[in-house]
Structures are given as C-alpha cells and as structure tokens.
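Notes follow once the structure below has been shown.
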Amino acid sequence: MFAPLVVLVRSSLGKTKFNKLRGKAIALHSKVITNVCNRIGIERTTRQNFIRTARDNGKRLGLLA
C-alpha cells in the first residue's frame, strides 16, 4: 500500500540518509510503545509482542519496502 511512496522517498533522499531516518522513526515508535506499556503496567514479553506486531504490520503495509 505505501511501498511506492517509500521507494520514492528513498530515491529522493538517498539510501543511506533514508535508512538513518527510518531507523530513527522505528526507534521512536518502539520507545512510544515502551512508554505506554510502562505507564499501563504491561509486562516485558507482551511489550515485545506489540513491537513485533508493529514491525509485521509495517511490512504488510509496505512501509519497510
């Protein structure tokens, strides 16, 4: 779904800069998930499953193209 947009942004930024930006976005998203889980009191294994689900959804949507 988002793969054409991701490919376009990657080609305009360059692969190295795009990968740095994507890495920062993934780290920030994981941090948000961790903060929410800590605030609510969700266990570490469940939090890891949430992060894995976010990764899998990103692949399915084409964000990791």
Rounding to 0.5 Å, atoms CG (L21) and OG1 (T16) come to a distance of 12.5 Å
Smallest separation among heavy atoms of F18 and V6, with atom names:
CZ-CG1, 3.5 Å
Acceptor/donor pairs from residues 38-47 side chains to any protein atom, 3.5 angstrom cut, sequence neighbours excluded:
from	atom 1	to	atom 2	distance (Å)
N38	ND2	T34	O	3.4
R47	NH1	T34	OG1	3.4

Enumerate the residue pairs fulfilling side-chain hydrogen bond (donor to acceptor under 3.5 Å, both in side chains) with a member in residues 52-62, sequence neighbours excluded, ordered by first and then second residue.
N49-R52, N57-R60
Can you give each donor-acceptor pair under 3.5 Å made by side-chain atoms of residues 25-33, sequence neighbours left out, with the distance rounded to 0.1 Å?
from	atom 1	to	atom 2	distance (Å)
S30	OG	I26	O	3.1

Working to the nearest 0.5 angstrom, can you tell me the gap between R22 CZ and K17 NZ?
16.0 Å
